[in-house]
Participant: 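Starting off with a structure, shown below.
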There are 2 protein chains.
Amino acid sequence: MVKKDKDASTQERILLAAKKVFVGKGMAGARMQDIADEAGINKALLHYYFKNKEQLFEKIFQEAATLLFPKLNIIFDSDLPLFEKIEKFAEEYITVMMLNPFLPLFVLNEITRDPNNFVKKIWTGDKPHPQKLMQQIDKEVKKGTIKKISAVQLLMNLTAMIIFPFVARPMYQLTIGINEKEFRAIMEERKTLVPKFIIDSIRK
Amino acid sequence: MVKKDKDASTQERILLAAKKVFVGKGMAGARMQDIADEAGINKALLHYYFKNKEQLFEKIFQEAATLLFPKLNIIFDSDLPLFEKIEKFAEEYITVMMLNPFLPLFVLNEITRDPNNFVKKIWTGDKPHPQKLMQQIDKEVKKGTIKKISAVQLLMNLTAMIIFPFVARPMYQLTIGINEKEFRAIMEERKTLVPKFIIDSIRK
DNA sequence: TTTTGTTTTAACCAAATGGTTAAACTACAT
DNA sequence: ATGTAGTTTAACCATTTGGTTAAAACAAAA
């Protein structure tokens, strides 16, 4: 059997290229030729590795979703006290997304386009389940440790403040005129700022 | 001269249909045939009213952007005290978006796909300018009226908590299992909850 | 009734696009 | 040297899609 490993295994280069093109243009806007070009190969070879666009897309999308979602549950289900859980969530999640700043919009898009397909093909059993965290919030409210707030609302506030900046980055860059470097710095600061902001708001 | 006004002026029906299809599938994913079908007409008539896809898309997109953005500046530039400004912003903005819940994702997408084209063709002079609000924040911080926080960060928190739920609705529906009606109720509550949440956090 | 703008039908065109095929070439492993 | 997997070239195919065209039907104003 013969195995060439030219550069970074053509297959790897294709996946890299496909990720870039799909994330940038979406499934509908992406062209197989774009992917081939980006990978520095030709269409024939692209199809030699991947039967068709759909299969390739699903591979990319699954990769993206598995990168974004599964770490959530580890934090959601951990036994940390509420405030620490919030801190850890922000810290870890922003770290992950700073490595893949375009993934959130990409994934949100595809979920929106076809939620059922998403559930079937991507969340095969292990979707995020914030229920434990939500119960924890309810419990703290009942104990009177924190101000009264519904768990859903608090969860929305938390996730919104963490994820949205990545989704709206170009808008922020256009309106308040921040560059790439400044954006990174801001997001770095948010790792601790967001938890503090939340805790300051709900602490009694 | 002859003017028929069958139903709701075919042109209006086309724009309605185009909005639905474009917002749902994006520029690349939308098909002229889809739009014709949705409008209950045929392709020939569609092109009788609109030269081509691009022109139609731009009309829709401009409409969407003008709906989402321009009211911002009125609030941004008003002379209200900070807390009231925050309250008004949340109230009015959530109201607008509840009437067009899919617009935010649509607009964010197109800004991301091609920021320059967006600036050229959509923001011809009157883009959102939160600068005055940001100065106001800085001033309050200096006066010591509110806790120390950078204006950008506070602005991000505010916009994120207001806009993100609309962008991520399908995700929330899948993970915490809320239906359409519940979502509306939650967003209704957020009109006052978000300002309260913020003010509780930054008030000294 | 004639005119004029609207709408349908239906065929058609050209370009883009996903995908295929076959032949030839390359480089490595045996 | 030979076989095999990887790769290129280049032509090709079928389908989709944006867009056009021409003729006829329609509806209302003049």
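Note on naming: letters A, B, ... go to the chains in the order of the sequence lines (proteins, then strands), and numbering restarts at 1 for each one. Owing to the predicted nature of the structure, the values given are computational and were not obtained by experimental measurement. The figures here come from the full heavy-atom set of this structure, side chains too, leaving out hydrogens, waters and symmetry mates.
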Participant: Any salt bridge between R31(A) and E38(A), counting N to O under 4.0 Å?
Facilitator: no
Participant: Distance check needed: dT26(C) C1' versus I41(A) CD1, whole Å only.
Facilitator: 16 Å
Participant: Over how many whole Å does the gap from I35(A) atom CD1 to dG19(C) atom P extend?
Facilitator: 10 Å
Participant: Taking the nucleotide of DNA chain C with the closest heavy atom to each, which residue, R31(A) or K51(A), is nearer the 5' end?
Facilitator: R31(A)
Participant: Can you measure D37(B) atom CG to dT7(C) atom P for me and round it to whole angstrom units?
Facilitator: 16 Å
Participant: Write down the distance between CG (N52(B)) and C1' (dA15(C)), rounded to a whole number of angstrom.
Facilitator: 15 Å
Participant: Would you say the side-chain atoms of N73(B) pair up with the backbone N or O of K127(B), donor to acceptor, closer than 3.5 Å?
Facilitator: yes
Participant: Rounded to whole Å, how long is the line connecting atom CD of Q55(A) with atom C1' of dG18(C)?
Facilitator: 14 Å
Participant: Kindly confirm or rule out a cation-pi arrangement of R13(B) over Y49(B), judged by NZ or CZ under 6.0 Å from the six-membered ring centre and within 45° of its axis?
Facilitator: no
Participant: Return the value, rounded to whole Å, for the distance between atom CD1 of I14(B) and atom P of dT6(C).
Facilitator: 11 Å
Participant: Name the nucleic acid region contacted by A30(A), choosing base, sugar-phosphate or nothing; use a 4.0 angstrom heavy-atom cut-off, strictly under.
Facilitator: sugar-phosphate
Participant: Where are the stems of DNA chain C, defined as at least 3 consecutive Watson-Crick or wobble G-U pairs with both distances under 3.5 Å?
Facilitator: C:1-30 with D:1-30
Participant: Go nucleotide by nucleotide along DNA chain C from the 5' end; which of N42(B) and H47(A) gets its closest nucleotide reached first?
Facilitator: N42(B)
Participant: Taking the six-membered ring for Trp and the full ring for Phe, Tyr or His, determine whether the centres of F61(A) and F118(A) are under 6.0 Å apart.
Facilitator: yes
Participant: Main chain of A30(B), side chain of K53(B): is a donor-acceptor contact present, judged purely on distance under 3.5 Å?
Facilitator: yes
Participant: Suppose we call two aromatic rings close when their centres sit under 6.0 Å apart. Are F89(B) and Y93(B) close by that rule?
Facilitator: yes
Participant: Where the side chain of K53(A) is defined as all heavy atoms beyond and including C-beta, which of dT21(D), dG18(C), dT21(C) is the nearest nucleotide?
Facilitator: dG18(C)
Participant: How many Å lie between CG on D34(B) and P on dG18(D), as a whole number?
Facilitator: 8 Å
Participant: Quick one: are K132(A) and F76(A) in side-chain contact, heavy atoms under 4.5 Å?
Facilitator: no
Participant: Just the rounded figure in Å: distance from C1' of dT26(C) to CG of L45(A).
Facilitator: 13 Å
Participant: Could you check K43(A) against Y48(A) and say which one's nearest nucleotide on DNA chain D is further toward the 5' end?
Facilitator: Y48(A)
Participant: Look at the side-chain N and O atoms of T10(B) and state whether any lies under 4.0 Å from the OP1 or OP2 oxygen of dT7(C).
Facilitator: yes
Participant: Remember a base hit wins even if backbone is also touched, and classify Y49(A) as base, sugar-phosphate or nothing at under 4.0 Å, heavy atoms.
Facilitator: sugar-phosphate
